[in-house]
Amino acid sequence: MCWSLRDGLRDSLVAAAPYGGPIALLREPLRRSPSSRPQLEIYSASGVGIASFPWKSGPVVHLGWTVSDELLCIQEDGSVLIYDLFGSFKRHFSMGQEVVQSQVLEAKVFHSPYGTGVAIVTGSSRFTLATNIDDLKLRRLPEVPGNTCLLFRFSGILSGFSWSLFRFSCILLGFFWSLFRFSQILSGFSWVKLQVLVESCSGSTPLQQDPCVLIGELDGVRIISSTNQELLQEVPLVCQDIFKIASMAPGALLLEAHREYEVTCLLACAWRVSKCLVLQAASFGKCFLTDFSPDQFVSTCRELRVLNAVRESSVGLPLTHAQFKQMTLQVLIDRLVYRQFYPLAIEICRYLKIPDYQGVSRVLKHWASCKVQQKDLSDEAIARAVCVKVGDSPGVSYSDIAAKAYECGRTELAIKLLDFEARSGEQVPLLLKMKRSQLALSKAVESGDTDLVYTVVNYLKNEMNRGDFFMTLRNQPVALSLYRQFCKLQEQETLKDLYNQDDNHQELANYYVTASYKEKRLESRLSLLQSAVDEYNKAKNEFAAKATMEALLALGLHKQAEQLYRDFRVPDKRYWWLKLKSLAEKEEWEELEKFSKSKKSPIGYLAFVEVCIKCNNKYEAKKYVSKVTPEQKVKAHLAVSDLEGAADAAIERRNEAEMGAVLSRCSASDRLVIDRLNRARAGAAKK
Amino acid sequence: MAAHLSYGRVNLNILREAARKELREFLDKCAGSKAIVWDEYLTGPFGLIAQYSLLKEHEVEKMFTLKSGRLPSADVKNIIFFVRPRLELMDIIAENVFSEDKHHSSRDFHILFVPRRSMLCEQRLKEQGVLGSFINIDEYILDLIPYDGDLLSMEYESAFRECYLENDQTSLYHTAKGLMTLQALYGTIPQIYGKGDCARHVANMMLRMKREFAGTQNQILPVFDTLLLLDRNVDLLTPLATQLTYEGLIDEIYGINNGYVKLPPEKFAQKKQGEASKDLPTEPKKLQLNSAEELYAEIRDKNFNAVGAALSKKAKIISAAFEERHNAKTVGEIKQFVSQLPHMQAARSSLANHTSIAELIKDITTSEAFFDNLTVEQEFMTGVDTDKVNTYIEDCIAQKDPLIKILRLVCMQSVCNNGLKQKVLDYYKREILQTYGYEHILTLNNLEKGGLLKPQTSSRNNYPTIRKTLKLWMEDANEQNPNDISYVYSGYAPLSIRLTQVLARPGWRSIEEVLKMLPGPHFEERQQLPSGLHKKRQQGENRTTLVFFLGGVTYAEIAALRFLSQMEDSGMEYIIATTKLVNGTTWIKSLMDRPESQMT
């Protein structure tokens, strides 16, 4: 042990965490004078001091560690104070109000599948239990008659592995008490047996000169004294076998060893502290077994190297292989990280080839979270250091680190760190939380995720006054147009305000047009259209202004269509088409004829023929055939089904395509026409 | 069922299976019997992923359409809403949930957002006080839907409008996400090319998202060599032109929706002997169109003028096959004949269907109106009289032809003239407003904003330069045995596809000048591949390019790309992806504003 304790472990409360965990030491816990307070010291398992501070709270009855290396100090008045490994206070809870009166006589900390629990027995012989201190539920057991202290001493141990039995009642407790008297019966649980054994030994025939503390481990008992730390273990069967064999004729036996033996060898060497010998033997034996996969051998060797490394006194995590297997590599790394042995943790991750996600990245994340709390460094320096170390490591979330920085009140640093975050989905909410809404908005826009933009916009809308809100949007065109979309569907009035603010007269005019069509009352429709006209004018959109004006007039005045069209400069052509169609539809044939003669038709006369045919009046149609231009003659004749006329026209024009067109309309009964056309075509072909 | 997806160069069935797996997982999360309440818009796209049978296997017993008021009663444990993340839909859901509580209290509610959950919508549900009623709120990431063996579509109708009129780039975010999903399944695409503002934006987001996944390297051997992102506004002309391929015409005339077309039933009446065809079916005939149908795969991309010949050739082959039965003498031969019978019968009914469709289309393509329209289109595309008011358009307006037809033509003239003279533009606009109603001023404003209709600003019209450099007009387009992509529009080679073609060979550097005339930046990005994933190309092995049309693609453009894939010396195979399959009509429609329709 590295420590040098002046008074040994005498008069001290000592607690050590399992799995080679730290040791807590409280000297003279019952000293109450304010002038000299008891000192609470925390050491690593190898005795390196981690923390030390005077105990200012009430008298402590018991110390204990949780599975996650937190120190529990149980006071006389039933309150439990929780400290972390570095001696900083985390929180506290109480074991019940009535304990303040009756005082804690004895307390135990125990571990079960439910977590870490605390059990106390009070001066009024009552048991109180909390099965899991992270999810505090107090259980009070009925009073127990008799020697509660002794009983409790044992029950605390028991509950560690057999909580369910314990909770039956004090009757069962009594039963176990009687079992304890014949402790041999309990041989099923080797470490309990050992601890009991050692404990009773230290009472009668001491193994050690000093007072010592015993800590039950998974596969043995740690014995801590002021100078030494030892691990007492039962020798497993595999080892007994090997060493028996080895003592006889190691080389020869190895040579004959089969596969089964090989495996045994490995298991055994993992257990033993003096393992070089066995490892060499295993390595030697391996050579003779061709079908034996070396993977297991290699991984065991690697794990042993790791265990050796963490066993170094500077690190101080003395673990056996079995404990290591039980606690898993993940937890080991967590513990190293917790003790801030970052380089070692990273080296182990790399050495054991753990995927980055679970290994190096996790360590880096913790390192960075710790780094941002260093108050003596500037924001820039920290941000740079974090960026250089973490880089693009997968699975390290800059926003998590930034959140940590923000928690510690370093907002500027958090923003700097967030800049490295690639996932905007993580970046934006945190920025909002830090009230950096402008930045959040620009990051959201950058991401392209419109839902994210909407989220920020929605947030801003509720946080800011309207003027500021609009101004903010104005600087972010993408956000502004998205908000417009939102308003189009949800808040028409706001839309108008937005356009107004931007002096966007064109859109404002469009808005009025849309609104006017939604309006049922004529008056309102007209006034909205008038607004549209004004806005189109302001937008210098002459055409639209004029067109809207006309629409306004048409809507308001119910003018005669013809008058309107004259007013609105309807082109002649369309006017003729309209009149032609409407007269034909109304079957006003005389009017139509008069109209056709009013002046030269700008749309020609084929239109007249076709429209009449459409209205099923062949007689009227024929009237206009003669007026049609020569190019359209054939079409006109065909339209009124005058094949001969069509043939004449086509032959006259010597147009082969037209002759073909006429031919395709002829049926067998039109022999004469067909002959004529064919002759004409042949004639044309000769030329 | 979806085997045709796996026949192509890239097995798109992997994507479909991934989507189906996710759907099943979500359904299983809601244990017990279920009813699905559908956002109606989603049923089409979902049909491409899963049929009702899949839902049924996972205890979906009822399906409803989302509408306000009370939910129909159904004796199920779970009610699941399948919705797009839209606020108005949230209000309806809230109404549903409220009226529900009084009647049944034991039904569990769930929401599945497609394609992504939205904080805004959840906020709205919270404000409405129903957020707590939902047991599961999840998202179903359905960005790119496998549409055919070489075609992916997001079925996102309003993408073009949102991007260019409303400056809302949500669709581009989904595009980038979809491409990330695609890369997760088919490997990182090492090269990205693009042209246009939206393309640039998508590429930027992709690179950014890749950084978010930093460290988790994609270990899949890349299937795609290149990604080409093209903005629709780089080529506004192509969708305006009437498509002349078989599939394109079906879409132009009848409209293909989510792979289905509805046809007038008369031609498909089953004429059985003895039964007089008195009662003709009145329901439209619904047909699924994709490459699973052998005949359709063969003729879909042909110029319509070549379809007749192909159909009659097929008819001869089929009837010859049926004639075989007379030659079948031995039992073995008969048995063999019978075993082929189902396949032959399927081929025969497929032939009958397509002969009917071809007849329907022929009635239209041989009409004078169709011919006149096409003539004017081709005049514009060749640059004839694009600077004057066109008499045909004038006449059409006067006769009050469908507005969309007019808008297509006017926009086309504007695009082919790089904008119209103010006088000409105002004339058209006035004609349109006075004929079709003043309210269309909003639509006209939209078209101007989208760049489809614009006043000429610079004195130079650069369209002729673009046309000549990219050879957009080919005089001697061979419709029967095409040797150039121009066959799909009987002379006009789609600009977008020419850009794709030039990129493959000789490269865009050769057309730098033209690229500068087209809107938006052009760019190239490379994505690092993990070592060991660099493809060792076999001699003569084709490269694969994914062409992504942002804002829509037409069937004719797809046909042109398929033609390029099949050309022997092209060395390139194309997979097509888009936000939505469009044609001129649906595209213009998506840009129209009808205030009166909001009145109800």
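Computed from a predicted model, the values in this text were never measured in an experiment. Throughout, a chain's letter reflects where its sequence line sits, starting with A, and its residues are numbered from 1.
Considering only heavy atoms from C-beta on, B:Thr391 comes within 4.5 Å of A:Lys573 through its side chain.
Heavy-atom proximity under 4.5 angstrom to chain B picks out A:Tyr536 from residues 530-537 of chain A. Interface with chain B: from residues 504-512 of chain A, residues A:Gln506, A:Glu507, A:Asn510 qualify, criterion being any non-hydrogen pair under 4.5 Å.
For chain A, the nearby part of B:Leu433 is the side chain; its heavy atoms alone come within less than 4.5 Å. Residue B:Gln399 touches chain A through both its backbone and its side chain, counting heavy-atom pairs closer than 4.5 Å. With a threshold of 4.5 angstrom between heavy atoms, B:Asp168 approaches chain A through its backbone and through its side chain. With a threshold of 4.5 angstrom between heavy atoms, B:Met119 approaches chain A through its backbone and through its side chain. Proximity to chain A (any heavy atom under 4.5 Å) is shown, for B:Arg116, by neither the backbone nor the side chain. For a residue to count as touching a neighbouring chain, one of its non-hydrogen atoms must lie under 4.5 Å from one of that chain's; by this rule B:Gln123 touches chain A with the side chain only. Contact annotation for B:Lys449: only side-chain heavy atoms (C-beta onward) come within less than 4.5 Å of a heavy atom of chain A. With a threshold of 4.5 angstrom between heavy atoms, A:Gln490 approaches chain B through side-chain atoms but not through N, CA, C or O. For B:Glu448, no part lies under 4.5 angstrom from a heavy atom of chain A.
For the atom pair OG1 (B:Thr170) and CG (A:Leu482), the distance works out to 6.0 Å, reported to the nearest 0.5 Å. For the atom pair A:Asp449 CG and B:Gln169 CD, the distance stands at 12.5 Å (nearest 0.5 Å). With rounding to the nearest 0.5 Å, the separation of OG in A:Ser447 from CZ in B:Arg208 is 6.0 Å. Going from atom NZ of B:Lys400 over to atom NZ of A:Lys581 covers 8.5 Å, rounded to the nearest 0.5 Å. Taking CZ from A:Phe486 and CG from B:Leu87, the interatomic distance works out to 6.0 Å, rounded to the nearest 0.5 Å. Note: A:Leu489 CG to B:Arg86 CZ = 7.5 Å, rounded to the nearest 0.5 Å.
With chain B as the partner, the residue from A:Pro477, A:Ala547, A:Ala515, A:Ala607 showing the most heavy-atom pairs under 4.5 Å is A:Ala547. Note: B:Asp395 leads B:Ile397, B:Asp395, B:Leu172 in heavy-atom pairs under 4.5 Å with chain A. Ranking A:Glu446, A:Glu421, A:Glu426, A:Glu542 against chain B, the residue ahead of the rest is A:Glu446, based on heavy-atom pairs under 4.5 Å. Of the listed residues A:Asn541, A:Val453, A:Asp451, the one with more heavy-atom pairs under 4.5 angstrom with chain B than any other is A:Asp451. Ranking A:Asn458, A:Val457, A:Thr548 against chain B, the residue ahead of the rest is A:Thr548, based on heavy-atom pairs under 4.5 Å. Chosen from B:Lys429, B:Met205, B:Glu88, the residue pairing most often with chain A at heavy-atom distances under 4.5 Å is B:Lys429.
Scanning all heavy atoms of the two residues, the minimum distance from A:Phe543 to B:Arg430 falls at CZ-N, 3.5 Å. The minimum heavy-atom distance linking B:Glu439 with A:Tyr517 is given by the pair N-OH, 3.1 Å.
Counting heavy-atom neighbours within 6.0 Å of B:Phe371 CZ, excluding the residue itself, gives a total of 12 or less.
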